[in-house]
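In what follows, a single structure is set out as structure tokens and then discussed.
As a basis for the values below, the full set of heavy atoms in this structure was taken, side chains included, without hydrogen atoms, waters or symmetry mates. If you read the sequence from its start, that first residue is 1, and numbering goes on from there.
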Amino acid sequence: MSNLAIVPARLSSTRLPQKMLADIHGKPIIYYTWRQAKKAKLVDELIIATDSEQIASAVHAFGGKTIMTSPDHKSGTDRVAEAAEKFSDFKPDIVLNIQGDEPMLNPSAVDAAVKALIDDPNAVMATLATPFRADEDIAYVGSAKVVLDKDNYALYFSRFPIPYARNPYTNYLKQVAVYSFRRDFLLTYAKLPRGPLEQAESLEHLRALEHGYRIKVAVGDFDSISVDFPEDLEKVRKALAPQR
């Protein structure tokens with residue numbers, strides 16, 4: 001079984017302009033995400049899918065590979081699908097979408113996303129979840145929350161804390177922005193229309209649920225810091241400072 005990891009990286013970003021090129025101790029965010037993804041054991045090839053020559057130039061400078069994609073994609077997974085179709089070195093069984101704003105990505109998270117599809121032959125798509133830390137704000141809109149059925153398939157994802165705790169509840173799960181797809185399903189997914197839930201929540205994986213597909217979720221200690229806002233960038237700079 002061959003596995004291809006793709007990091008979608010667009011130049012424009014509403015909340016943090018040119019986020020993928022934001023500096024962290026002399027290197028762009030995309031470098032750190034790439035570096036962490038390279039450490040995964042179950043990835044055969046890793047490429048950056050981008051619409052920007054600036055990003056491509058930065059990636060080539062640190063030794064990464066790129067595929068140029070359309071600037072018109074509405075989500076990272078749509079960009080990943082285009083890149084997967086263009087990729088010609090081999091035909092992967094599993095394609096991973098690793099969000100580029102995860103500079104502190106745990107490499108074991110990447111492997112867990114691959115393993116979720118290997119272990120469940122019926123699953124066509126998988127993602128990850130991790131328990132919220134005690135010091136985290138569950139209501140923070142930058143993190144997606146997920147609730148699961150008894151077989152660890154997603155029931156729903158939301159930026160709102162779910163479930164609503166009318167009675168005491170402590171098992172809140174935060175989604176980790178790594179997705180794995182069987183290649184054929186990824187290409188099918190990219191052709192599905194965006195539904196009202198995906199558009200309302202701005203969570204691309206809701207497209208699969210809205211069209212009746214199931215998403216397997218691997219739960220583990222995959223905690224990371226996603227960079228959505230300037231304050232997140234400062235947290236990452238502080239966390240990575242000792243590694244200089």
* Asked: Taking all atoms of both residues into account, what is the closest heavy-atom pair of Gly220 and Thr130, and its distance?
  -> O-OG1, 2.7 Å

* Are the side chain of Arg182 and the backbone of Ala123 linked by a donor-acceptor contact shorter than 3.5 Å? -> yes

* Determine the minimum heavy-atom distance between Ala81 and Leu187, stating which atoms define it. => O-CD2, 3.8 Å

* To do: Report whether Val110 and Val59 are members of the same hydrophobic cluster (ILVMFWY, side-chain heavy atoms less than 4.5 Å apart, transitive linking).
  => yes

* Side-chain donor-acceptor pair present, Tyr156, Glu201, cut-off under 3.5 Å -> yes

* Asked: Would Glu82 and Lys86 pass as an ion pair if we require N to O under 4.0 Å?
  -> yes

* Structure fact -> The reported gap from CE in Met104 to OG in Ser224 (rounded to nearest 0.5 angstrom) is 6.5 Å

* Asked: Between the side chain of Asn106 and the main-chain N/O of Phe222, is any donor-acceptor distance below 3.5 Å?
  -> no

* To do: Answer yes or no: is there a donor N or O on one side and an acceptor on the other, between the side chain of Asp232 and the main chain of Phe229, under 3.5 Å?
  => yes

* Asked: Would you call Pro131 and Asn171 a side-chain contact if the rule is heavy atoms closer than 4.5 Å?
  -> no

* To do: List in chain and number order the residues that pass side chain to side chain contact (heavy atoms under 4.5 Å, CB included) with His211, two or more places apart in sequence or in another chain; answer none if no residue qualifies.
  => Leu192, Pro193, Arg207, Tyr213

* Stepwise, does the side-chain contact (heavy atoms from CB on, under 4.5 Å) test hold for Val147 with Leu173? -> CA-CA 7 Å; Val147 285; Leu173 293 174; over 6 Å; no

* In the single-linkage hydrophobic clustering (I, L, V, M, F, W, Y; side-chain heavy atoms under 4.5 Å), do Met1 and Leu186 co-cluster? -> no

* Less than 4.5 Å apart, any side-chain heavy atom of Leu148 and any of Leu155? -> no

* **Side-chain ion pair, Lys65 and Glu45, N-O less than 4.0 Å** => yes

* Is there a donor-acceptor pair closer than 3.5 Å between any side-chain N or O of Thr50 and the backbone N or O of Ala9? -> yes

* Test side-chain contact (heavy atoms from CB on, under 4.5 Å) on Arg79 and Asp51 and set out the steps. => CA-CA 9 Å; Arg79 189 176 307 285; Asp51 60 354; 3.5 Å; yes

* Check whether any side-chain heavy atom of Leu105 lies under 4.5 Å from a side-chain heavy atom of Val178, and answer yes or no. => yes

* Linking I/L/V/M/F/W/Y whenever any side-chain heavy atoms sit under 4.5 Å apart, do Tyr140 and Val176 land together? -> no

* Structure fact -> Taken to the nearest 0.5 Å, the spacing of Leu240 CG from Ile225 CD1 works out to 8.0 Å

* Salt-bridged, Glu136 to Lys174, with N to O below 4.0 Å? -> yes

* Structure fact -> To the nearest 0.5 Å, atom CD of Glu231 lies from atom CG of Leu16 at 9.5 Å

* Asked: When rounded to the nearest 0.5 angstrom, what distance separates CG in Leu96 from CD1 in Ile6?
  -> 9.0 Å

* For the residue pair Ser2 and Pro92, what are the closest heavy atoms and their distance? -> OG-CA, 3.3 Å

* **Sidechain-backbone polar pair: Lys38 side chain, Thr33 backbone, donor-acceptor under 3.5 Å** => no

* Phe181 and Phe90: same hydrophobic cluster, using ILVMFWY side-chain contacts below 4.5 Å? -> yes

* So, does Gln54 use its side chain to make a donor-acceptor pair with the main chain of Leu11 at under 3.5 Å? -> no

* Does His25 use its side chain to pair, donor to acceptor, with the backbone of Arg237 at less than 3.5 Å? -> yes

* **Basic-acidic side-chain contact under 4.0 Å: Arg133, Asp223** => yes

* Asked: In the hydrophobic clustering that connects Ile, Leu, Val, Met, Phe, Trp and Tyr at side-chain heavy-atom distances below 4.5 Å, which members other than Ile138 occupy its cluster, ordered by chain and number?
  -> Phe132, Tyr169, Tyr172

* Do you know the tightest heavy-atom contact between Ala113 and Ser180? -> O-OG, 2.7 Å

* Please determine if Lys216 and Asp120 form a salt bridge, counting it only when a charged side-chain N lies under 4.0 Å from a carboxylate O. => yes

* Same cluster or not: are Val7 and Met20 linked, directly or through other Ile, Leu, Val, Met, Phe, Trp or Tyr residues, by side-chain heavy atoms under 4.5 angstrom apart? -> yes

* Asp101 side chain reached by Lys19 side chain, heavy atoms, under 4.5 Å -> yes

* Flag the pair Gln175 / Leu128 as yes when at least one side-chain heavy-atom distance between them is below 4.5 Å, and no otherwise. => no

* Search all heavy atoms of Pro103 against all heavy atoms of Gln36 and return the closest pair with its distance. => O-CG, 3.6 Å

* **Any donor-acceptor pair under 3.5 Å from Tyr179 side chain to Gln99 backbone** => no

* Asked: Relative to the ring of Phe62, is the ring of Tyr31 parallel (under 30°), tilted (30 to 60°) or perpendicular (over 60°)?
  -> perpendicular

* Asked: So, Asp78 and Lys74, do they make that salt bridge, N to O below 4.0 Å?
  -> no

* **Pair Trp34-Leu46, side-chain contact (heavy atoms from CB on, under 4.5 Å): steps then yes or no** => CA-CA 8 Å; Trp34 173 86; Leu46 171 65; 3.4 Å; yes

* **Shortest non-hydrogen contact from Val217 toward Ala129** => CG1-CB, 3.7 Å

* **Pairwise side-chain contact, Phe160 with Val141, heavy-atom cut-off 4.5 Å (strictly under)** => no

* **Test item: Lys145 side-chain N/O and Ser143 main-chain N/O as donor-acceptor pair under 3.5 Å** => yes

* Kindly compute the distance separating CG (Asp72) from OG1 (Thr69), expressed to the nearest 0.5 Å. => 10.0 Å

* Is there a side-chain contact between Ile47 and Thr66, using heavy atoms and a 4.5 Å cut-off? -> no

* To do: Check step by step if side-chain contact (heavy atoms from CB on, under 4.5 Å) holds for Phe87 and Leu4.
  => CA-CA 9 Å; Phe87 183 76; Leu4 169 65; 3.7 Å; yes

* Around atom CD of Glu53, are there more than 12 heavy atoms of other residues, nucleotides or ligands at under 6.0 Å? -> no

* Asked: Does a side chain donor of either Glu198 or His205 reach within less than 3.5 Å of an acceptor in the other side chain?
  -> no

* Asked: How about Tyr32 and Ile24: do any of their side-chain heavy atoms sit closer than 4.5 Å?
  -> yes

* Donor-acceptor contact present, side-chain Arg159 to main-chain Ser202, <3.5 Å -> yes

* What's the spacing between Asp93 CG and Asn3 CG if we round to 0.5 Å? -> 7.0 Å

